[in-house]
Amino acid sequence: MVAPMNQTDNSPDPHDGPIPDDLAHQPSSSSLSARARAAVAPQLAYLNGLNLEQRAAVEATEGPVLVLAGAGTGKTRVLTTRIAHLIATGKAWPSQILAVTFTNKAAREMRERIGRTIGDVAEGMQWLGTFHSIGTKILRRHAELVGLRSDFTILGTDDQLRLMKQVIEAEGIDEKRWPARQLAGLIDSWKNRGLGPDQVAAGEAGAFANGRGGRLYRAYQDRLKVLNAVDFGDLLLECLRLWREHPDILEQYQERFRYMLVDEYQDTNVAQYLWLRLLAQKRKNLCCVGDDDQSIYGWRGAEVDNILRFEHDFPGATVIRLERNYRSTGHILSAASVLIAKNQGRLGKTLRTEDEPGEKVTITGAWDSEDEARLIGEEIETLHAGRHSLSEIAILVRISAQMREIEDRLVQLGVPYRVIGGPRFYERAEIRDALAYLRVVNQPADDLAFERIVNVPKRGLGDATIQVLHNHARAARVPLMEAARFLVETDELKPKPRATLRDLLISFSRWSKLSETLSQSEVAQTVLEESGYTDMWQKEKSADAAGRLENLKELVRSMEEFPDLQSFLEHVSLVMEANESDTSERVSLMTLHAAKGLEFDTVFLPGWEEGLFPNQRALDESGRAGLEEERRLAHVGLTRARRRAKIYFASNRRIHGLWNSTVPSRFIDDLPEANVEIVEAPANFSYGGYGGGSRFDRMQPFSGSSYQTPGWQRAQAHRAGTDDGGYSARRSGDRRGPLMIEGELVAKSTGSSGFAVGGRVLHSKFGPGTVEAVDGNKLTVEFDKAGRKMVLDSFVEALR
DNA sequence: CGATGCTCCGTTTTT
DNA sequence: CGGAGCATCG
């Protein structure tokens, strides 16, 4: 549901707006009233129940403070109590506290919890929000100073991409060769690092489109300005520019924000770091809360370094460690701690608990991914039969592709589940379309929105017509809408599109007029109906059409909560989320990333295999840093569990349609033997699966040695060769695929396969078969029992 | 202009 | 294997 709006700023507040001159009346920390209030503080109820470290983190109000809060150590509690404390002791008004989070969800939760602690005062916290919503608020006030109007539009990723495509084509570059997606990624990474078009290193900018990357970046920014639009990155970058070019304005904010708090500091990128540093320069009352061991967003620009270097960047900083875990039982916590201790780049914390040891972390080997899903399904059924609540069970996967097989299994068993994550409400096509209509009604010059819906639903205004519109718009330097108005009066368009376009223009004028008298939700309703948009989905017979119509209804309904269309559009571009307040009895299925911040009694962790987790791509792209981030992900996964953590790996997994034999994750070796229990997979009926006795308890799991040792490789060969019911799957001497040692690429051998068409081969899963075709290292084999499959040659053995 | 084949590609995801 | 996005045909 749509959260109540606190993003826009229509609540008058005496402490808001251009430098309030009542700042002088603020109780300074030494004033009598402040001291009197401070004297009461120790008795304040909110401090009760905090442990020593937590309390220290709450009370260390002055100067830079870094709170290293391990998983489950009461981070949010400290943050909210600290804010309550600042307010209750009179150190600052709610409006003088800047509290930044990453997600809207976190912001909302914090606001609620502060409200619960100290009551309505939390309403006055107009500077509690995400980096982006706060950036927006600041930018709207000073938009003209950075070349924008205060009603600028915030572009979503789809608009961004469309714009970049246009920019690339306008430069005469082949978009197929140099895709907009790639440019978007590049520009995004520059913005993450706080780099404007002038600051990108020439070499780096040159990497795209034969040296034209920088030019494209600039052209893109220029286009944004013309459209009076910004993208997400700009919400921070333009603040930086504003403050650097107008120190007086920076000073206003430095004055205003007496205390600053940042949640999830380990996730900040360079731009966000610079943003914070500028603001904190004066008063230096910056409190960052985070956990370097939970930094899992490096791939999208987060800099673990920000948290690692905090003491260096903010001299004299107080560092407080929260190490007492209130979530997990002993074995789980020890396992997670020992695992994460293998990382080099960390500040180091030792989580401890006073809880009982509880159950050991289990490790179960499955024959293949299907088997793995089956084992998990069975375990869930057993737990459920033992009255374990399904909503206290989560399955955490590394990549979403793992979900399908698990879902299939759960469906088959009739276990209700929900997938967390996935496409956001406002990212859905129907929502973006509806919004585009409203944007055009609200702002006819919004070319991107106009272009998006001009032919949705299909009205016969295709590429040809759009091209003519574009040409005119560019030549006359007017928005598309205006170009259209001109063109319908001429003969340049064919009669049919011309008439259609004219009708559309008339409709838009009518809707705009309507919006002067009707409420915005009524306008929306009318627009969606009269444009034929709802009709389009009603006629659509596909399975999700009904859901889309439901989403549209939800959109219209939610609009009623806003004073005007403008503020609604603002909300939606930054904040709007899907309705996730479903508390029904279901197992949760999500990626490890999506699980951060959540906790469950029982957590299933499938797919702990080399290549999948740690993910090969992370290793290839980021080497050791990538490996460490993967390990942090493993740590996050384990620490989500309160009472039970169950790790699985499969010996065979299908990747891109081909079966690959896999090796258990090195993270399994990172776990301490004392806290782990190897669980024998029950005998199963898989073809060639574990038929008899134990296998992987013999794989010397906790020697701490690398899987690359000869002993390990022998163990592997032995395992595959003797324990699979007779079908030997020994990998041939030349081991294909990259070998990784601690994230460093050691060898990558490609080489054509020695198999010939017509030859007989034996595969570990499919048994004997005849080679039908050879394509590099891929073989098409007609298997005697399993039929025709494409397999990698390294998984079959030639038969004579 | 629109529907159907075809090729290509294949983490993680928030704002 | 399966989806998305594109190109070609009708």
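Keep in mind the model is a prediction, meaning the values are calculated, not measured. Below, read A as the first sequence line, B as the second, and so on, with proteins coming before strands; counting in each chain starts at 1.
Classified by interplanar angle (parallel below 30°, tilted 30° to 60°, perpendicular above 60°), the ring pair A:His571/A:Phe562 is tilted. Between A:Tyr217 and A:Trp190, the ring planes are parallel. Angles under 30° get that label, and only those over 60° would be called perpendicular. Using a 30° and 60° split on the angle between ring planes, A:Trp275 and A:Trp243 fall in the tilted class, from 30° to 60°.
Going from atom CZ of A:Phe232 over to atom P of B:dT13 covers 16 Å, rounded to whole Å. Distance, A:Leu161 CG to C:dG5 C1': 12 Å, rounded to whole Å. Per the geometry, CZ belonging to A:Phe613 stands 16 Å off P belonging to B:dT11, to the nearest Å. Spacing between atom CG of A:Leu612 and atom P of B:dT12 amounts to 11 Å, rounded to whole angstrom units. Distance CG (A:Asp263) to P (B:dT15): 13 Å, rounded to an integer number of Å. Look at CZ on A:Arg181: it is 12 Å from P on C:dA4, rounded to the nearest Å. Distance CD1 (A:Ile420) to P (B:dT13): 12 Å, rounded to an integer number of Å. For the pair A:Asp620 CG and B:dT12 C1', the computed distance is 15 Å after rounding to whole Å.
Residue-level contact check: A:Leu461 touches the backbone only, with heavy atoms under 4.0 Å from sugar-phosphate atoms and none from bases. A:Thr465 comes within 4.0 angstrom of the backbone, heavy atoms only, and of no base. Across all strands shown, A:Gln160 has no heavy atoms under 4.0 Å from either base or sugar-phosphate atoms. Within the nucleic acid shown, A:Glu405 has no heavy atom closer than 4.0 Å to any nucleic acid atom.
Side-chain nitrogen and oxygen atoms of A:Asn615 include none within less than 4.0 Å of the OP1 or OP2 phosphate oxygen of B:dT12. Close to B:dT12, at under 4.0 Å from its OP1 or OP2, lies a side-chain N or O of A:Ser400. Regarding contacts with the backbone of B:dT15, every side-chain N or O of A:Thr157 stays at 4.0 angstrom or more from both OP1 and OP2. A:Asn455 has no side-chain polar atom (N or O) that falls below the 4.0 Å cut-off from OP1 or OP2 of B:dC1. OP1 or OP2 of C:dG3 lies within a sub-4.0 Å distance of a side-chain N or O belonging to A:Arg404.
For A:His132, the listed nucleotide lying nearest its side chain is B:dT15; candidates were B:dG10, B:dT13, B:dT15. For A:Thr591, counting side-chain heavy atoms from C-beta on, the closest listed nucleotide (B:dT11, B:dT15, B:dT12) is B:dT12. Side-chain atoms of A:Arg300 lie closest to B:dT13 of the nucleotides B:dT13, C:dC1, B:dT11.
Taking 90° from 0 as the syn/anti boundary, the base of B:dT11 is oriented syn.
Distance alone, capped at 3.5 Å, is enough to place a donor-acceptor pair between the A:Arg459 side chain and the A:Ser531 backbone.
In this pair, A:Trp299 lays its aromatic ring flat on the base of B:dT12, centres within 5.5 Å and planes under 30 degrees apart.
A donor and an acceptor atom sit less than 3.5 Å apart, one in the side chain of A:Arg398 and one in the base of B:dT12.
Residue A:Leu237 comes nearest to A:Lys191 through the heavy atom pair CD1-CG, 3.6 Å, listed as atom of the first residue, atom of the second, then distance. Residues A:Asp158 and A:Arg452 share a closest heavy-atom pair of OD2-NH1, 2.7 Å.
Residues A:Asp188 and A:Arg459 each lie close to DNA chain B; by heavy-atom proximity, the contact nearer the 5' end of the strand is made by A:Arg459.
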